[in-house]
Amino acid sequence: MASTKKYLDFILGQLSDLDEVSFRTMMGEYGEKEKSYIYTSVSTAAQTEGYSLEAQQERLGERADYKNLKSPVNIVTQGRA
């Protein structure tokens, strides 16, 4: 669970005399979500079966939600050989 910076500073101030206490920020700390980008691509007609652009975007969008990232920006290419 992300904490506010103000709360974290308060707790660390209370524990500053203890040498055993250490900390590091984690992804998404302080409630700020990181940007995310999705790159989807199909290059042959055969790849569109089961790997459609929509299926890729849906699966990667779900992954971004799971990782607590901002709604992804989609970058798409669809060249067909």
Side-chain angles (χ1 to χ4, degrees):
M1 173 183 254
S3 301
T4 64
K5 174 109 173 77
K6 182 178 178 180
Y7 181 72
L8 181 60
D9 289 340
F10 168 75
I11 295 297
L12 292 173
Q14 297 295 309
L15 301 173
S16 63
D17 292 335
L18 302 174
D19 294 331
E20 305 86 33
V21 176
S22 63
F23 74 98
R24 64 186 175 96
T25 58
M26 303 292 284
M27 181 177 76
E29 192 67 32
Y30 314 126
E32 296 177 21
K33 292 185 175 186
E34 292 187 22
K35 291 181 182 180
S36 63
Y37 298 87
I38 293 176
Y39 175 78
T40 55
S41 176
V42 291
S43 57
T44 67
Q47 286 181 328
T48 62
E49 296 176 27
Y51 298 101
S52 71
L53 295 171
E54 293 82 14
Q56 291 176 54
Q57 289 172 358
E58 182 178 342
R59 187 164 185 204
L60 293 169
E62 290 170 357
R63 183 72 176 168
D65 287 341
Y66 174 76
K67 292 286 196 174
N68 197 31
L69 301 170
K70 287 183 181 179
S71 295
V73 173
N74 293 309
I75 301 168
V76 180
T77 61
Q78 66 176 338
R80 294 230 167 83

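Any value given below was found using the heavy atoms of this structure, including those in side chains, with hydrogens, waters and symmetry copies removed. Predicted model only: the values in this text are computed from it and were never measured.
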Student: Can you list, by chain and residue number, the hydrophobic cluster partners of I38 when the side-chain cut-off is 4.5 Å?
Tutor: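 Besides I38, the cluster holds L60.
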Student: Applying side-chain contact (heavy atoms from CB on, under 4.5 Å), name anything that partners R59, two or more places apart in sequence or on another chain.
Tutor: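 R59 satisfies side-chain contact (heavy atoms from CB on, under 4.5 Å) with no other residue.
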Student: Could you work out, with side-chain contact (heavy atoms from CB on, under 4.5 Å) as the rule, every residue matching E58, not counting sequence neighbours?
Tutor: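 E58: side-chain contact (heavy atoms from CB on, under 4.5 Å) contacts with E62.
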Student: Check the pair V76 / Q57 against side-chain contact (heavy atoms from CB on, under 4.5 Å), numbers first and verdict last.
Tutor: CA-CA 9 Å; V76 180; Q57 289 172 358; 3.2 Å; yes
Student: Does Y39 have any side-chain contact (heavy atoms from CB on, under 4.5 Å) partners at least two apart in sequence or in another chain, and if so, which?
Tutor: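 Only S41, I75, T77 meet the side-chain contact (heavy atoms from CB on, under 4.5 Å) criterion with Y39.
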Student: Following the transitive rule for hydrophobic clusters with a side-chain heavy-atom cut-off under 4.5 Å over Ile, Leu, Val, Met, Phe, Trp and Tyr, establish whether F10 and L15 coincide in one cluster.
Tutor: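 Same cluster: F10 reaches L15 through Ile, Leu, Val, Met, Phe, Trp or Tyr contacts under 4.5 Å.
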Student: Looking at S36 and A64, what are the two nearest heavy atoms and their distance?
Tutor: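 Taking S36 first and A64 second, the nearest heavy atoms are OG-CB, 4.1 Å.
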